[in-house]
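For the numbers below, each heavy atom of this structure counts, side chains included, while hydrogens, waters and symmetry mates do not. Chain identifiers are assigned alphabetically (A, B, ...) following the order of the sequence lines, protein sequences preceding nucleic acid strands; residue numbering begins at 1 within each chain. Worth saying up front: this structure is predicted, and the values here are computed from it rather than measured.
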Amino acid sequence: MLDIQTIREQPDRVKQAMLHKGEKETSIVDELLVLDKQWREAVAATDRLRSESNQKAKEIGTLMSQGKKAEADELIKFTGESKEKIKDLEEQLQMLTAKRDLLLYRIPNLPDDSVPVGHSPEENLIHSTWGEPISNQEWRRPHWELAEEKGWLDFKRGVKVTGAGFPFYVGPLARLQRALIQFFLDEANDAGYTELQTPFFVNEDSARGTGQIPDKEDMMYVVPRDEFFAIPTAEVPVTNFHRDEILKETDLPVKYVAYTPCWRREAGSYGKEVRGLNRLHQFDKVELVHIVHPSTSYDALESLRSDAEQLLRKLELPYRTLLMCTGDMGFTQTKKYDLEVWSPGQKRWLEVSSCSNFESFQARRMQLRFKNIEGQIEMLHTLNGSGLALPRIVASILETYQEPSGKVLVPTVLQPYMRAKELS
RNA sequence: GGAGAGGUGGCUGAGUGGUCGAAAGCGGCAUCCUGCUAAGAUGUUGAACCCUCAUAAGGGGUUCCGAGGGUUCGAAUCCCUCCCUCUCCGCCA
């Protein structure tokens, strides 16, 4: 959610940003400003009347204690009448607030000036590439073929037990995942992140805090009986950790890492894109979150990206980093990098991390603030990025470390965790 | 899951219908004092929103005593629903 102040003062800048983010209409900005004006007038009117009524109610108390019943009765008549009026005004105000907020929630975050303007994925900027993507090796098989043949991945039983998109990882592959999680967490700890183990279910307030509801409600699994949501990413519990809190400036920056499973309904996904481990309903992910002083959030974004990139480098998996253009980066971000790992068996890039700055967009919604050295209260900036999402890393390892014989080697950094040099 | 108790400001904790945004203590901050590892004195000290205003300082107003409703001219105080905490029982890794 944007600061209403920004919209009041720079409506044209907001409209421009909306167009750059691919919105077709900017008229809601004007609608919002009209409503905002009405809302403020209504607030003023309500407050004035209430003030008057409060004043009189106090006098009644005094008069009563002095035994001046007749005078008190007259005032009671007056306050009794204003009570009705206040009720009407309050109803009006509530309606205006709801309408205003509805529009406010529909206005996207403003892209940073360093973000390329564009409307399609083709306009994303290739920020950098690392390693040599393997091509011309037709013998390399996609991970699902190899892994199912070896019995390391069991989709069929996953379907039997739960449904599509809930595979079993068996033996070496289960251990590879555990090794990756451990490796990612250890690296993050070394880089100064505080590890959190979080709830895997959250309540409605938390889902709203990070913006999963109202608009992305359909992505989450719901536990109706207890009104919980299965988390679609650790971002939800981790960022909500400090919801409604005022941190001290001296505590900043705050950096968290958390491993969690993630559940996503992924309604509407199908076909080649979702083969094998490419897209699942349940997957594991290690998530990095920064909560920082507003003046440092863009430096934090670079450091977050670099932390995630280091993991791929240590795993020796060729990857590229994209700077997402305005139209491809989503509603809540001001700047976003995607990390894509090369999948030589599928001959395509797979997104394994997405590092974003939200500035105060999430923080405002969550009332996540800090008290600065002068004692004033300001919104914090939040950032997050995957470090990293497991299934596509596993896919890429199965294809990159594959040998013509079908043997799969273990990346050097994982060998101590796996206590083995190859998967078997 | 059953029975009981309770949820007040950064913390402890008073307050059971009117002058209570809330006593007191602790903590924090500021100043002063003291030459000794910290003590004392004085003052100050919650948040959100609206208006005023030079996007200053300051001022005015409204709301917030777990959350949401209700009763009342008036609610931290009374009633209802929900959430949470504690104690006992039950169950359980």
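Mapping Ile4(A) and Gln376(A) onto RNA chain B via the closest heavy atom, the residue that lands nearer the 5' end is Ile4(A). Place Lys371(A) and Asp36(A) on RNA chain B by their nearest nucleotides, and Lys371(A) ends up nearer the 5' end.
When RNA chain B is scanned 5' to 3' for any atom under 4.0 Å from a heavy atom of chain A, the first and last hits are G18(B) to G74(B).
The stretch residues 53-61 of chain A comes close to RNA chain B through Asn54(A), Ala57(A), Ile60(A), Gly61(A), each having a heavy atom under 4.0 Å from the strand.
Applying the Watson-Crick and G-U wobble criteria (two distances, each under 3.5 Å), G90(B) pairs with nothing in any strand. The partner of U44(B), taking Watson-Crick or G-U wobble pairs whose two distances both stay under 3.5 Å, is G28(B). For G74(B), there is no paired base (Watson-Crick or G-U wobble, both distances below 3.5 Å). C53(B) is unpaired under the criterion used here, namely a Watson-Crick or G-U wobble arrangement in which both key atom distances are under 3.5 Å. A 3.5 Å limit on both hydrogen-bonding distances identifies no Watson-Crick or G-U partner for C65(B). Shown here, A38(B) forms no base pair; nothing in the strands shown gives a Watson-Crick or G-U wobble contact with both key distances under 3.5 Å. G6(B) is paired with C84(B) under the Watson-Crick or G-U wobble criterion, all donor-acceptor distances under 3.5 Å. Across all strands shown, nothing is found opposite A23(B) as a Watson-Crick or G-U wobble partner with both distances under 3.5 Å.
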Could you give me the CA-CA distance, side-chain angles and deciding distance for Glu195(A) and Asn189(A), then say whether side-chain contact (heavy atoms from CB on, under 4.5 Å) is met? CA-CA 7 Å; Glu195(A) 187 172 339; Asn189(A) 272 291; 2.9 Å; yes

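Annotation: Phe358(A) is not in aromatic contact with His381(A) [ring centroid separation under 6.0 Å not met].
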